[in-house]
Amino acid sequence: MKMSQTQAPFARLLDAPVTLGDERGRIRILYEQGNVVLKRSSSVQGVFRGLHRQAAPSLQEKIIRVLSGRIYDFVTDPDDSDGVIWYREITPETDWVHINARYAHGFYALTDVEFEYFCDGRYDEAAEESYNVADTLRDALNLGAIQLSAKDSAGIPMSRPVRRAGDN
Ligand SMILES: Cc1cn([C@H]2C[C@H](O)[C@@H](COP(=O)(O)OP(=O)(O)O[C@H]3O[C@@H](C)C(=O)[C@@H](O)[C@H]3O)O2)c(=O)[nH]c1=O
């Protein structure tokens, strides 16, 4: 990976080796070494990314945070037929949040948002499962317009109860 050494011995993340943009915003891969990847995505208000999960053996643990803006973050265990979709609000004041690899994960941008996430496990598009929960969330949370990518629109439709984490 290309690093600046202008203030050796400190290295700085230089031009991201991969920048992927679309109408929702962009993804930058800031660091990738072995199974460890650090990514940052920007999304405009109203974008929903997810729900995504990578199937075994391409499991992916994630540690996420919000750098600016606010999101509703969502997880559900697709293998639990009685499962619910859990959500919580995450802002820059929230600490890093761990997302277990068994969960399908996604978020809704309540404002324009910069989202950063560390993945233990490489990106494997062929192993990715995508669940479309847009209608479910629109009904449950009154979210208004939801902007999805074509890929996420084609995800498996999923309808489950939606619960705020911490509520029983
Ligand atoms: C995430 C990612 C995407 N891509 C490519 C695939 C595609 O052409 C383009 C956009 O990909 P996506 O639409 O899947 O990007 P995105 O919707 O931002 O996907 C992310 O969503 C959040 C909720 C997560 O939990 C992440 O793990 C990841 O799945 O970028 C990579 O090459 N590497 C990556 O690591």
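Indexing begins at 1, ligand by ligand and atom by atom, following the structure's order. Since we're looking at a predicted model, the values are computed, not measured. The residues of the chain are indexed from 1 along the displayed sequence.
- Rounding to the nearest 0.5 angstrom, the gap separating the CD1 atom in Ile99 from the NE2 atom in His52 is 13.5 Å.
- A ring pair (Phe, Tyr, Trp, His ring centres under 6.0 Å) with Phe107 holds for exactly one of Tyr72, Phe74, Phe115, Tyr87; it is Phe115.
- Considering Glu93, Glu114, Glu89 as possible partners of Arg70, the one that fulfils the salt bridge (Lys or Arg N to Asp or Glu O under 4.0 Å) test is Glu89.
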field: Arg122/Glu32 under salt bridge (charged side-chain N to carboxylate O under 4.0 Å, His left out): CA gap, chis, key distance, verdict
entry: CA-CA 8 Å; Arg122 294 178 76 85; Glu32 188 160 30; 3.4 Å; yes
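- Partners of Asn132 under the side-chain hydrogen bond (donor to acceptor under 3.5 Å, both in side chains) rule, at least two apart in sequence or in another chain, do not exist in this structure.
- A side-chain hydrogen bond (donor to acceptor under 3.5 Å, both in side chains) with Glu116 is found for exactly one of Arg40, Arg28, Lys39, namely Arg40.
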Can you pull every nitrogen or oxygen pair between ligand 1 and the protein closer than 3.5 angstrom?
unit_1	atom_1	unit_2	atom_2	d
ligand 1	13 (O)	Arg24	NH1	3.4
ligand 1	13 (O)	Arg24	NH2	2.8
ligand 1	14 (O)	Lys151	NZ	2.4
ligand 1	17 (O)	Arg24	NH1	3.2
ligand 1	18 (O)	Arg49	NH1	2.8
ligand 1	19 (O)	His52	ND1	3.4
ligand 1	21 (O)	His52	ND1	3.1
ligand 1	25 (O)	Lys62	NZ	2.9
ligand 1	25 (O)	His105	ND1	2.7
ligand 1	27 (O)	Lys62	NZ	2.9
ligand 1	29 (O)	His52	ND1	2.7
ligand 1	35 (O)	Lys39	NZ	2.6

